[in-house]
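The chains referred to below are lettered A, B, ... by the order of the sequence lines, with proteins before strands, and numbering in each begins at 1. These numbers come from a predicted model, not from an experiment.
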Amino acid sequence: MRLSKTLLPTLKEDPVEAQIVSHKLMLRSGMIRQLGAGIYNWLPLGLRVLRKVENIVRQQMDKAGAQEVFMPAVQPAELWQETGRWDQYGVELLRFQDRGGRDFCFGPTHEEVVTDLVRNELRSYKQLPANFYQIQTKFRDEVRPRFGIMRGREFLMKDAYSFDLDQQSLDNSYEVMFQAYKEIFKSCGLSFRAVEADSGAIGGSASHEFHVLAESGEDAIASCDSCDYAANLEKAVAGLQDGTDTPPTAEMQKVATPEAKTIDEVSEFFAVTPDKTCKSLLVESDEGPCMLLLRGDHELNEIKAGNLLAGNNFRLLEPHEVKKLTGVGVGSLGPVASKLKIIADNSLANMSDFICGANEDGYHLTGVNWERDLPSPQFADLRNVQEGDSCSRCDAGSLRLDRGIEVGHVFKLGDKYTKSMNMTVLNQDGREQTPLMGCYGIGVSRIVAAAIEQNHDDNGIVWPIFLAPFHVEILLINPKEAPAAEFAEKLYQQLLDSGLEVLLDDRHERLGVKFKDADLIGAPIRVVIGGRGIKEGAVEVQSRKGGSSQKVALNEVGETLINRAKDLLSGS
RNA sequence: CGGGGUGUAGCGCAGUCUGGUAGCGCAUCGGUUUUGGGAACCGAGGGCCGGAGGUUCGAAUCCUCUCACCCCGACCA
């Protein structure tokens, strides 16, 4: 592609509306332009990358035996009413009417449509298992779109739906998709992690999210350094401490702690580490107020606690509410002699001689022990795991925390949709049977943004070769210098003929401008061609990543570039 | 949905308090000189100041309403 004839409007300055690096760089490199809140134009450069991702996804899905279809973006309300989701889905479902006043929505997902399709077309168990996928524009009317493409309202998604006769077959279909997803993210050249997700009320044994690792990721994910356990922080469980159930060695004592309220202050006061203390939190739940106990150095996981208390009303009580309810301030709250229902985190079970609030303002208790000083409460998993916690799946491992961007989600749906929409096939016995469904999503456009979050430097994007809009950029310093221009043109053709994707910067711009744009655009390999180099008989080949450069003789440049690109593409 | 903010040239902004000829930098177009890491000079084009209504001799500026976008929070397969 010739830059002189391409719409590639780069920006020197960061647009004010962009908060995160991928959004800034996508705007600055001329990949996208905003049309409205959460909706974007894709310009030539951005579209090339989007298509790259799309093709990688398509290739792997086909390889995994899924069949590509293309379903309508606009869907009639009737289908959604059949499954009840017309009323359940809420404000994110963009609804509208046609000329005749009939209700429609712009599809945020396609379970209803695909189920309708297969209930009309699949009759026999012999047609199963089947897996249909599409790459489609979706619309979710996000309450607060942000971060550019990362969390837009309109976005490109690959969604796949599998249909199986029984659970075992579904398990297999799921596994095939799981492996295909790994292959997809590997093929994109991204560093990623598959993590366990909560399969929740829908049941089924499994759901996994795929995260691209990036410091700016919205999700925290925990993973074991020894086995393959990995989970979203919301769901991650730490292993229980070893049974160091040491007997009490100290008497319980009430100590005046006039200035010590926070865990830090209390630990400092008693000259102990925070893990020797116990913090008490009051929460509201459907069953009324409840006291949660955590080790001093641990954080409450509100989702776990909320699930445990089955509460729609779950929330932390405000300090003034605590005072009103118990008569003491939050800094001196404690479980001993409390009349409230108490649930303690598992990590407290084998603690002895710990320190906690005395339920009297300005006092704490030391040497507190279960059974002797207060009854053992209910124990449960209430906390966020921490870096270094032991793994709950294996003996050897410890957990590490990373940040990630969710780019894929696989889910066993079971018969939720097939049942409510009456989809059956005849089984071997000639009886009607309701197939089980799985669904598998990948945020295609989000991958583009996530890839940038993971691969950039101060000057711009540093594309992994598999997603790069161009493998090679040729910087022609001055198109008016005939020998250089002719050489660049010849090289351009040679590289194109070899199957590489090449950007030729043939603009009448100064070199500095071209370098800055090349940095922004982020092609992995570039070559600088000018009159001086032609005279010397060698031109400069540079690598975007790391910025290394070498002089290559004119008659070898073509081969060198082709080989280097092929090396990168083959992963070496 | 609650709170905050911003709408003035393609982009980034000043001007608004205190009403009186609509500006600056970058970008764009033409010219000259330049040309190996975001050039210099000369000249030019480009705006119903988000929209509607009002006050006023006169509104980017004051008042009312409205729309859009951004940020924080709540929400989120």
(request) Using Watson-Crick or G-U wobble geometry with both distances below 3.5 Å, tell me the partner of B:rA59, or none. (result)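 Checking every strand shown, B:rA59 finds no partner, since no pair has both distances under 3.5 Å.
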(message) Is there a side-chain contact between A:R510 and the phosphate of B:rA39, meaning an N or O under 4.0 Å from OP1 or OP2?
(response) yes
(message) Rounded to whole Å, please give me the gap between CD in A:E142 and P in B:rC1.
(response) 16 Å
(request) Consider the side chain of A:L511, meaning its heavy atoms from C-beta on, and name the nucleotide among B:rG36, B:rG38, B:rC76 that approaches it most closely. (result)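 Between B:rG36, B:rG38, B:rC76, the one nearest the side chain of A:L511 would be B:rG36.
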(request) Salt-bridge test for A:K235 and A:E196: reply yes if a basic N is under 4.0 Å from a carboxylate O, no otherwise. (result) no
(request) Report the base-pairing partner of B:rG37 (Watson-Crick or G-U wobble, both distances below 3.5 angstrom), or none. (result) none
(request) Have a look at A:E536 and say if it touches a base, only the backbone sugar-phosphate, or nothing, with a 4.0 Å heavy-atom cut-off. (result) nothing
(request) Check whether any side-chain nitrogen or oxygen of A:Q34 sits under 4.0 Å from OP1 or OP2 of B:rA68, and answer yes or no. (result)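 Negative; the distance criterion is not met.
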(message) Taking the minimum atom-to-atom distance to the side chain of A:N478, which one of B:rG37, B:rU35, B:rC71 wins?
(response) B:rU35
(request) Remember a base hit wins even if backbone is also touched, and classify A:V528 as base, sugar-phosphate or nothing at under 4.0 Å, heavy atoms. (result)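 Here A:V528 touches the bases of the nucleic acid.
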(request) Please report, rounded to the nearest Å, how far the P atom of B:rG36 is from the CD atom of A:E481. (result)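 Whole-Å distance recorded here is 9 Å.
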(message) Going by side chain to side chain donor-acceptor pair (under 3.5 Å), A:R526 matches just one of A:H471, A:E473, A:Q542. Which one?
(response) A:Q542
(request) Considering non-hydrogen atoms only, spot the tightest contact between A:E509 and A:K514 and give its length. (result)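 In terms of heavy atoms, the two residues are closest at O-CE, 3.4 Å.
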(request) Round to a whole Å and report the spacing from CG of A:L7 to P of B:rG10. (result)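 About 16 Å, once rounded to whole Å.
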(request) Give A:G90 one of three labels, base, sugar-phosphate or nothing, depending on what nucleic acid heavy atoms sit under 4.0 Å from its own. (result)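 Nothing, no nucleic acid heavy atom in range.
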(request) Just call it for A:I477: base, sugar-phosphate, or nothing, with non-hydrogen atoms closer than 4.0 Å on any strand. (result)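 Base contact.
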(request) Measure the distance from CG on A:L35 to P on B:rA68 and round it to the nearest whole Å. (result)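 About 13 Å, once rounded to whole Å.
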(request) To the nearest Å, give me how far apart CD (A:E92) and P (B:rC1) are. (result) 14 Å
(request) Would you mind pulling out the nucleotide paired to B:rU64, Watson-Crick or G-U wobble, both distances under 3.5 Å? (result) B:rA52
(request) Write down the partner of B:rC69 under the Watson-Crick or G-U wobble criteria, each distance required to be under 3.5 Å. (result)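 Check on B:rC69: paired to B:rG5, both distances under 3.5 Å.
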(request) Kindly assign one of parallel, tilted or perpendicular to the pair A:H23 and A:Y40, based on the angle between their ring planes and the thresholds 30° and 60°. (result) perpendicular
(request) Select from A:R146 and A:K514 the residue whose nearest nucleotide in RNA chain B is closer to the 5' end of that strand. (result) A:K514
(message) Please name the nucleotide paired to B:rG43 by Watson-Crick or G-U wobble geometry with both distances under 3.5 Å, or report none.
(response) B:rC29
(request) Return the nearest nucleotide to the side chain of A:E13; candidates are B:rC70, B:rC71, B:rG12. (result) B:rG12
(message) Students often mix this up, so state it plainly: with edges at 30° and 60°, are the rings of A:H208 and A:Y174 parallel, tilted or perpendicular?
(response) tilted
(message) Ignoring hydrogens and geometry beyond distance, is the side chain of A:E540 in donor-acceptor contact with the base of B:rG36 at under 3.5 Å?
(response) yes
(message) Side chain of A:R28 only, heavy atoms from C-beta on: which candidate in B:rG37, B:rG38, B:rG36 is closest?
(response) B:rG38
(message) My understanding is that a pair needs two contacts under 3.5 Å, Watson-Crick or G-U wobble. By that rule, which nucleotide pairs with B:rG19?
(response) none
(message) Using OP1 and OP2 only, check whether a side-chain N or O of A:R144 sits under 4.0 Å from B:rC72.
(response)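 A:R144 to B:rC72 OP1/OP2: side-chain N or O found under 4.0 Å.
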(message) From C-beta outward on A:R151, which listed nucleotide comes closest to its side chain: B:rC69, B:rC76, B:rG37?
(response)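 Of the candidates, B:rC76 comes closest.
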(request) Examine the base of B:rG38 for any acceptor or donor lying under 3.5 Å from a partner atom in the side chain of A:D519, and report the outcome as yes or no. (result) no
(message) Closer than 3.5 angstrom, by distance alone: can the side chain of A:R403 be matched with the main-chain N or O of A:E218 as a donor-acceptor pair?
(response) yes
(request) Take the angle between the ring planes of A:F192 and A:F185 and call it parallel below 30°, perpendicular above 60°, tilted in between. (result)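 It falls in the tilted class, 30° to 60°.
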(request) Would you indicate which nucleotide in B:rG38, B:rG36, B:rU35 comes nearest to any side-chain atom of A:D517? (result) B:rG38
(request) Take atom CG of A:L93 and atom P of B:rC76, then tell me their distance rounded to the nearest Å. (result)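 So the CG-P distance, A:L93 to B:rC76, works out to 16 Å.
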(request) Starting from C1' on B:rU28, measure out to NE2 on A:H508 and report it in whole angstrom. (result) 16 Å
(request) Using both distances under 3.5 Å as the test, list the Watson-Crick or G-U wobble partner of B:rC24, or none. (result) B:rG12
(message) Rounding to an integer number of angstrom, what distance separates B:rC11 and B:rG7 when you compare their P atoms?
(response) 14 Å
(message) Over all strands shown, is A:E406 touching base, sugar-phosphate only, or nothing at heavy-atom distances under 4.0 angstrom?
(response) base
(request) Starting from C1' on B:rC75, measure out to CD on A:E218 and report it in whole angstrom. (result)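 Going from CD in A:E218 over to C1' in B:rC75 covers 13 Å.
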(message) Nearest heavy atom decides the nucleotide; on that basis, is A:G38 or A:I534 closer to the 5' end of RNA chain B?
(response)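 Looking at the nearest nucleotide for each, A:I534 comes out on the 5' side.
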(message) If we ignore hydrogens and angles and just use 3.5 Å, is the side chain of A:E68 paired with the main-chain N or O of A:D62 as donor and acceptor?
(response)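 Absent.
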(request) State which of B:rC70, B:rC13, B:rG37 makes the closest approach to the side chain of A:V16. (result)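 Looking only at side-chain atoms, A:V16 lies closest to B:rC13.
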